[in-house]
Amino acid sequence: MDQDNLIERSLQGDLEAFNQLVIEYQGLGYGVAYRLLDDPDSAADALQDSFIKAFRALENYRGGNFKSWLMRIIVNTCYDHLRSRQRKRTESLDDMPVEEEYIPQLTDRSETPHEFAERQELQALIGSAITSLPEVLRTAIVLRDVEGYAYDEIAEITSAAVGTVKSRINRARGRVRDYLGKHAELLPAVYRHSLK
Amino acid sequence: MNPQHPHSVDEELVAAYIDGDVTVEERQRVENAMAADEQVAWEVNTLRQTVELLQDLPSVPLPRSFALTEDQVKDVLIERRSRANLASPPPEETHTPAESAWRRFLNFLNGGDLALRNAAALAAVLLLVVTAVEFQWQQSQPGIPSADGGQLSSGAAAPQAQVTAVGGSLSDQTAASAGERSAQTSQEGAPQEDEEPVFGVMSVSEDDQEAAAPAPEQAAPVAIQPETNAAGQQHITESAGPDSADQPLLTVFRYARVLLVLAVIALWLLSRTRSRSRRA
């Protein structure tokens, strides 16, 4: 159905229309939230909050790219959750990464248990590298290299110039590379020597 | 990348080069720098490998649906729905395109003030009753021509009488004068030789009707001139003699019908007007 029509109906109190938009964008939104927060529960909470905020703020949407408008809300809500988490950071069990969430990894039946374990460690390492970045660099690299957004979309989501976005992406890549280089023993052989 | 380095390229260009988002000229610049400086080449290559690792990350499965429930946004929903209801026009003013003409007709009939509309319906029923009673009464009194519609039925009978009475005269006035003449004749009690005694319509014999029939070209104009004037009718009726006592009853029926027709129209229009003023 036409997106503008769904937005118009949502503005008239049609929750079913808004939920069609939710269904369309929840996959993209969860991917970004998960990579920014590196925790499935926090990502789910942040995404749910984001959709509630978006529904409440729908009057402020002035046309244009709805996806970018929605992703901006999701990214900002993730920032709020990050800051909130940093404030009350306690070393509780809830804050530990839940590695069992990587369900798709289990579907590749061609790899041995050893290969599976290595790949899981690598992905955890990359996740840690991303979360080690400052917010703006983290957002830039997740949107560009993990989720595949274009420069102008990232610029719109983060309210930054395209040149700034490119610069942030390059710096973020450099920091991730440096982080991975410090844990070269976990990298695949092809990367191990070159990144060191 | 070190900006002091002689073969340095800026970080925006490196990012764009890795993503393949550069012009031919920009590509050449980066590749020249990589060829000239090993450090630049390492920088670009390791960044490219990092991007490959990031792009290899699997997509994350959705743990559940994030569709909102009414409770989560109840306050906003109430506000928006009430605003939307206020903005929409009253239901009786809106007609969907799919609404049939019959439906619109029924809506039109059902519109208006209920009490006045019922009064109009009652008047219409009374009109039907009066008309039916009058018709029955006329059937039981064959000598009485009907009052208005009767003009057509009497138009068939009276002209025949007129034709017979005046020996082929076709005009109404002639018919009237013929009626007068026949009345005079009956009063004088001296019937003429060549004229049958004529007592209005009732006095017309079948033979006379048959005699009148062979002259259709003469009778036809009479048939298409049913507007026998009231005076003429009156005359004929009066000339009926024995039925003149029923004349007041006929008049009552006539006035009752006219009044009831007016009442139906007036009450129905009033009901529509009152309904419209209430909506306004």
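In what follows, chains carry the letters A, B, and so on, assigned in the order in which the sequence lines appear, proteins first and then strands, with residues in each chain numbered from 1.
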Q | Option in A:Ile23, A:Ile52, A:Val176 with maximal non-hydrogen atom pairs under 4.5 Å from chain B | A | A:Ile52
Q. Run the salt bridge (charged side-chain N to carboxylate O under 4.0 Å, His left out) check on B:Asp19 and A:Lys166 step by step: do they pass?
A. CA-CA 10 Å; B:Asp19 291 326; A:Lys166 287 179 184 175; over 6 Å; no
Q: Under 4.5 Å heavy-atom distance to chain A, tell me which part of B:Glu79 shows up: side chain, backbone, both or neither.
A: neither
Q. Can you tell which of B:Thr50, B:Asn45, B:Thr46 makes a side chain to side chain donor-acceptor pair (under 3.5 Å) with B:Arg48?
A. B:Asn45
**Q.** B:Leu47 vs B:Val51 side-chain heavy atoms within contact, under 4.5 Å
**A.** no
Q) Between A:Leu15 and chain B, which part of the residue has a heavy atom less than 4.5 Å away: side chain, backbone, both or neither? A) both
Q) Who among A:Leu47, A:Leu58, A:Leu21, A:Val165 has the most heavy-atom pairs with chain B under 4.5 Å? A) A:Leu47
Q.
Heavy-atom cut-off 4.5 Å, strictly under: side chain, backbone, both or neither for B:Ser82 against chain A?
A. neither
Q | Gap separating the CD1 atom of A:Ile130 from the CG atom of B:Leu54, nearest 0.5 angstrom | A | 5.5 Å
Q: On the 0 to 90° scale, with breaks at 30° and 60°, tag the A:Phe66-A:Tyr61 ring pair as parallel, tilted or perpendicular.
A: perpendicular
Q | Taking every non-hydrogen atom, the tightest pair across B:Arg29 and B:Val9 | A | O-CG1, 4.4 Å
(Q) If we define contacts as heavy-atom pairs under 4.5 Å, which of B:Leu13, B:Asp56, B:Asp75 has the most with chain A? (A) B:Asp75
Q) Any idea which of B:Leu68, B:Val76, B:Ile18 has the most non-hydrogen atom pairs under 4.5 angstrom with chain A? A) B:Leu68
**Q.** Among B:Gln55, B:Glu70, B:Gln72, residue most engaged with chain A (heavy-atom pairs, under 4.5 Å)
**A.** B:Gln72
**Q.** Proximal component of A:Arg168, with respect to chain B [non-hydrogen, under 4.5 Å]
**A.** neither
Q: Report the relative orientation of the aromatic rings in A:Phe55 and A:Phe18; use parallel for angles under 30°, tilted for 30 to 60°, perpendicular for over 60°.
A: perpendicular
